[in-house]
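If you're wondering where the values come from, they're calculated on a predicted model, not measured in any experiment.
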Amino acid sequence: MQITSESTVAPTRRLVSADLGEEVILLHLENGLYYGLENVGARIWKLLQKPVKVGDIESALLDEYDVEPETCHAEVVTLLQRLIDQNLVEVTGP
């Protein structure tokens with residue numbers, strides 16, 4: 001599935017996470033693997049704790065960081081795709 005700004009993303013129910021300040025640790029309950037997100041990745045994780053549109057994540061990051069919209073979109077989509085590939089995030093919508 002292609003991720004767009006209109007896609008809605010949320011964490012899967014098969015994991016637990018812990019906020020460690022600027023880092024977030026994730027534990028996938030089915031495969032027993034740990035994952036870590038730092039800095040902007042951790043911020044994105046905090047933003048998607050409830051179902052949220054990718055465009056809303058991008059808007060929040062554009063308000064908080066000095067980044068071009070195209071770069072922000074590309075990097076958010078890249079991270080979300082990695083999280084989807086590891087079954088940590090689910091995506092719905094267009």
Side-chain angles (χ1 to χ4, degrees):
M1 171 181 280
Q2 182 176 351
I3 302 170
T4 70
S5 294
E6 293 301 311
S7 300
T8 299
V9 292
T12 66
R13 296 180 187 187
R14 299 176 302 266
L15 63 85
V16 292
S17 63
D19 182 354
L20 303 175
E22 291 187 22
E23 184 177 10
V24 173
I25 302 298
L26 312 171
L27 170 61
H28 194 288
L29 298 174
E30 289 181 0
N31 65 20
L33 295 176
Y34 285 91
Y35 302 87
L37 297 170
E38 297 177 336
N39 304 317
V40 179
R43 179 65 181 126
I44 291 171
W45 184 259
K46 291 173 188 174
L47 290 169
L48 63 79
Q49 289 310 292
K50 59 181 180 177
V52 62
K53 288 191 176 197
V54 173
D56 294 338
I57 294 171
E58 294 170 359
S59 293
L61 296 176
L62 289 169
D63 287 343
E64 297 174 26
Y65 298 96
D66 183 21
V67 62
E68 293 297 319
E70 299 81 20
T71 302
C72 180
H73 176 75
E75 292 185 9
V76 166
V77 168
T78 298
L79 176 61
L80 290 174
Q81 189 59 58
R82 288 182 183 154
L83 295 172
I84 291 165
D85 292 345
Q86 298 298 321
N87 297 314
L88 300 170
V89 169
E90 296 173 340
V91 64
T92 60

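- Using a 4.5 Å heavy-atom threshold, the side chains of E64 and R43 count as touching.
- A pairwise comparison of heavy atoms in P51 and A10 identifies CA-CB, 3.9 Å as the closest pair.
- Rounding to the nearest 0.5 Å places CD of E70 at 10.5 Å from CD of E58.
- Considering L37, L33, V16 in turn, L37 is the only one that fulfils the side-chain contact (heavy atoms from CB on, under 4.5 Å) rule with L26.
- Side-chain N or O atoms of T71 include none that pairs as donor or acceptor with a backbone N or O of V67 at under 3.5 Å.
- Taking hydrophobic clusters as Ile, Leu, Val, Met, Phe, Trp and Tyr residues chained together by side-chain heavy-atom distances below 4.5 Å, V54 shares a cluster with Y65.
- Taking OG of S7 as the reference point, atom CD of E90 lies at 13.5 Å (rounded to 0.5 Å).
- Taken to the nearest 0.5 Å, the OG1 atom of T12 stands 8.0 Å off from the CG atom of L29.
- Across all non-hydrogen atoms, the minimal contact from K53 to S5 is CB-O, 3.9 Å.
- If you chain together hydrophobic residues whose side chains sit under 4.5 Å apart, Y35 and L20 never meet in one group.
- Scored by the side chain to side chain contact (heavy atoms under 4.5 Å, CB included) test, S59 finds no partners at all (sequence neighbours excluded).
- Cluster membership check: I44 does not share its hydrophobic cluster with I25, using side-chain heavy-atom separations under 4.5 Å among Ile, Leu, Val, Met, Phe, Trp and Tyr.
- Minimum interatomic distance between S17 and V24 (heavy atoms only, all atoms of both residues): CB-CG1, 4.2 Å.
- Legend: residues meeting salt bridge (Lys or Arg N to Asp or Glu O under 4.0 Å) with D56, ordered by chain and number and at least two apart, are absent.
- Counting non-hydrogen atoms of other residues, nucleotides and ligands closer than 6.0 Å to CD of E22 gives a total of 12 or fewer.
- Under the side chain to side chain contact (heavy atoms under 4.5 Å, CB included) criterion, I84 pairs with I3, Q81, V89, V91, not counting sequence neighbours.
- Checked by atom type and distance alone, the side chain of E23 never pairs as donor or acceptor with a backbone atom of D19 at under 3.5 Å.
- In this structure, L48 CG and K50 NZ are separated by 11.5 Å, a value rounded to the nearest 0.5 Å.
- The number of heavy-atom neighbours closer than 6.0 Å to CZ of R14, taken from other residues, nucleotides and ligands shown, is above 12.
- The nearest pair of heavy atoms linking L47 to A60 is CD1-CB, 3.8 Å.
- Here I57 contributes atom CD1 and K46 contributes atom NZ; the two are 14.0 Å apart, rounded to the nearest 0.5 Å.
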